[in-house]
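Below: the structure, in structure tokens.
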Amino acid sequence: EFIAIMSDGDIVLQTTPADTRFPNVNQAKHCFSRFNQYNRCVAQKGEEECAMLKKFFQSICPNEWTNNWTDQMEAGTFAGPTFEQGTGKMIHALSLIHISEPTRLLSISYAVFCLKKKKKKK
């Protein structure tokens with residue numbers, strides 16, 4: 001969640017808007033999609049223009065995941081899509097087909113990401 005302090009001193013808590021593509025309680029795929037949406041925006045417009053999208057993914061994604069994904073992007077080993085600077089065109093076309101995440105009732109938590117290579121369009 002992120003906090004906005006209004007001019008009258010009231011505090012308004014906000015999080016990423018509802019997305020009908022992700023109706024279930026498990027928000028792992030929603031997190032992954034928002035992270036990639038932000039990175040595409042940054043490739044097209046730069047970080048300043050995409051600040052709200054950054055807040056969206058940060059409000060639902062565990063920091064450990066996004067830190068790992070960012071490190072992987074910098075190392076060139078990120079399994080998700082990567083985008084061309086300036087155009088936002090997808091360079092590395094893998095699609096996320098499934099994320100499995102347990103409830104956080106136990107102290108152990110994990111996520112499983114299954115990716116498949118997209119077919120090239122002719």
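What's counted below: heavy atoms across the whole structure, side chains too, no hydrogens, waters or symmetry copies.
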Verdict with reasoning, E47 to Y38, per side chain to side chain contact (heavy atoms under 4.5 Å, CB included): CA-CA 9 Å; E47 285 187 41; Y38 165 75; 3.7 Å; yes
Audit row: Q37, R34, side-chain hydrogen bond (donor to acceptor under 3.5 Å, both in side chains) steps and yes/no: CA-CA 5 Å; Q37 184 181 31; R34 289 289 188 183; 3.1 Å; yes
Stepwise side chain to side chain contact (heavy atoms under 4.5 Å, CB included) check, N36 with F57: CA-CA 9 Å; N36 290 317; F57 85 75; over 6 Å; no
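Note: K89 NZ to T82 OG1 = 12.0 Å, rounded to the nearest 0.5 Å. Distance check, rounded to the nearest 0.5 Å: OG1 of T70 to CG of N39 gives 7.0 Å. Summarising the geometry, atom NZ belonging to K55 is positioned 13.0 Å from atom SG belonging to C50; distances are rounded to the nearest 0.5 Å.
When all heavy atoms of Q85 and V42 are compared, the pair lying nearest together is NE2-O, 4.4 Å. The shortest non-hydrogen separation linking F83 to G88 is CD2-O, 3.3 Å.
Side chain of S59 to backbone of F56: a donor-acceptor contact under 3.5 angstrom is found. Although no hydrogens or angles enter the test, the distance criterion places no donor-acceptor pair under 3.5 Å between the side chain of Q44 and the main chain of G86.
Between W69 and F32, the ring-plane angle classifies as perpendicular under the 30° and 60° cut-offs.
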